[in-house]
Amino acid sequence: MWEAEVAIVGAGAAGLSLTHRLARPAPGARRVTTVLLDAPPGPLRPPERTWCFWEKGSGHYDAALTASWRRLRVHSPDGRPMDRSISPLAYKMIRSADFERLVAREVAESPDVRRLEAVVESVDPVAEGAVIRARDERGRPVTVRARWVFDSRPLGSLPAARTTLLQHFHGWFVRTERPVFDPGAVEFMDFRVPQPPRGLAFGYVLPTGRREALVEYTRFSGSVLSLPAYEEALRHYTADLLRLGDFEVVSTETGVIPMTDARFARRSAPSVFRIGAAGGATRPATGYAFSAVQRQTTAIARALHARRTPEPPPAHSARSRAMDAVLLRALDSGRVDGAEFFTRLFSRVPTVRLLRFLDGRTRLGEDLGLGLRTPVLPMLHSAAELLWLPRTPFPHP
Ligand SMILES: Cc1cc2nc3c(=O)[nH]c(=O)nc-3n(C[C@H](O)[C@H](O)[C@H](O)COP(=O)(O)OP(=O)(O)OC[C@H]3O[C@@H](n4cnc5c(N)ncnc54)[C@H](O)[C@@H]3O)c2cc1C
């Protein structure tokens with residue numbers, strides 16, 4: 001049996017971020033013994049991913065970034081480009097494999113943190129803690145007892161919600177023959193792609209050089225597409241809209257992120273907390289979770305170092321969640337045209353303020369001002385509908 005003060009289940013964005021904070025405590029901070037458990041390579045391990053987020057100035061993970069940008073571009077459905085500086089913020093891209101390597105180095109140097117590869121089967125509360133039962137890749141039992149457990153395993157099914165949309169995407173890492181990309185700007189939302197009858201679709205381009213980029217096709221809707229349908233959309237986007245010319249696809253990335261106004265429990269037993277997407281870190285209106293994960297794991301580490309109960313704070317404020325619930329309803333009901341909605345926001349609200357809003361860092365007055373720049377009547381209608389709409393289960397994607 002392994003014993004530690006903290007056990008972290010899952011080494012994805014949330015598990016690695018918390019491990020990073022415990023493996024490298026601030027000078028003078030109390031040390032916290034930690035076991036990080038992750039499933040061995042296989043079906044439970046998600047494929048390599050790219051996480052993007054924005055922050056001001058330098059950050060904890062700068063050494064592992066693939067790229068960062070100071071400009072975001074949005075194209076309206078009729079092709080109007082809006083190119084905006086986001087200074088003093090930077091939009092940053094980190095690949096999951098690089099993040100894993102960064103944290104693995106820190107774990108190797110830390111006397112307090114151990115990493116185990118095992119499939120966790122149960123987490124049971126016991127007096128003053130919890131016991132984790134798992135199996136390593138050869139099927140041998142592994143048991144860990146910890147005072148606090150932070151569990152980031154994906155939920156088997158989503159909690160009931162009034163609205164659940166899926167953000168689903170497929171992307172190509174491309175290398176082009178000609179230098180066609182502007183490495184200074186991210187194509188954040190390119191609405192020139194054909195719009196579906198409900199929800200919305202956009203292109204997304206993360207250029208890492210003049211000839212290299214991740215090019216994605218993304219949709220917000222109720223169900224995913226087939227692989228040939230994503231590929232067809234990407235062919236159209238890269239050939240007819242971006243006019244990339246000849247290129248090779250070096251690798252691909254696919255994802256499905258639920259965008260939901262469900263309520264996620266953050267505590268499943270007195271000593272067991274859910275973190276990451278499983279604990280509600282995904283921002284309902286955008287699908288971004290990485291920044292919220294950083295806020296949550298920073299707060300948890302602070303509480304642990306101060307010997308306080310390390311309950312993760314809500315990932316998003318009640319006001320942010322309420323505003324997102326209205327938007328999800330307006331999009332799902334078809335009352336607002338998604339592409340027009342986001343184009344209008346980007347053309348009328350300073351981009352830095354919009355990004356601060358998405359991180360929950362705006363004041364009430366700023367949020368009200370932002371609300372007034374949306375189509376007010378359909379949004380009010382959607383808000384009223386939320387009052388009587390029941391929360392219903394959604395089949396897991
Ligand atoms: C393709 C993709 C791209 C995304 N891009 C962005 C982005 O750019 N920006 C952003 O903010 N958000 C992004 N997101 C959303 C969100 O940030 C990610 O989903 C993020 O990975 C969530 O982190 P997590 O730690 O909660 O879950 P995960 O990263 O999925 O980690 C869960 C971990 O649990 C482990 N696990 C599962 N079952 C078991 C078990 N039984 N025993 C032990 N371990 C187990 C897995 O191995 C995994 O390591 C993206 C999501 C996807 C799918």
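Counting starts at 1 for both ligands and their atoms, following the listed order.
In this structure, the side-chain contact (heavy atoms from CB on, under 4.5 Å) partners of Asp367, at least two apart in sequence or on a different chain, are Arg319, Met323, Phe357, Thr362. In this structure Phe220 satisfies the ring pair (Phe, Tyr, Trp, His ring centres under 6.0 Å) test together with Phe202, sequence neighbours excluded.
Taking the six-membered ring where the residue is Trp, Tyr91 and Trp54 present parallel rings, their angle staying beneath 30° rather than reaching 60°.
Under the side-chain hydrogen bond (donor to acceptor under 3.5 Å, both in side chains) criterion, the residue pairs touching residues 184-202 are Arg73-Glu187, His75-Glu187, Asp190-Arg192, Asp190-Tyr237, with sequence neighbours excluded.
Between the side chain of Arg267 and the backbone N or O of Pro270 there is at least one donor-acceptor pair closer than 3.5 Å.
For ligand 1, the 4.0 Å heavy-atom shell contains residues Gly10, Ala11, Gly12, Ala13, Ala14, Asp38, Ala39, Leu44, Arg45, Pro46, Arg49, Thr50, Trp51, Cys52, Ala118, Val119, Val120, Ser152, Arg153, Pro154, Phe169, Thr254, Gly255, Ile257, Gly276, Ala277, Gly287, Tyr288, Ala289, Phe290.
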Working for salt bridge (charged side-chain N to carboxylate O under 4.0 Å, His left out), residues Arg329 and Asp261:
CA-CA 9 Å; Arg329 187 90 296 272; Asp261 67 354; over 6 Å; no

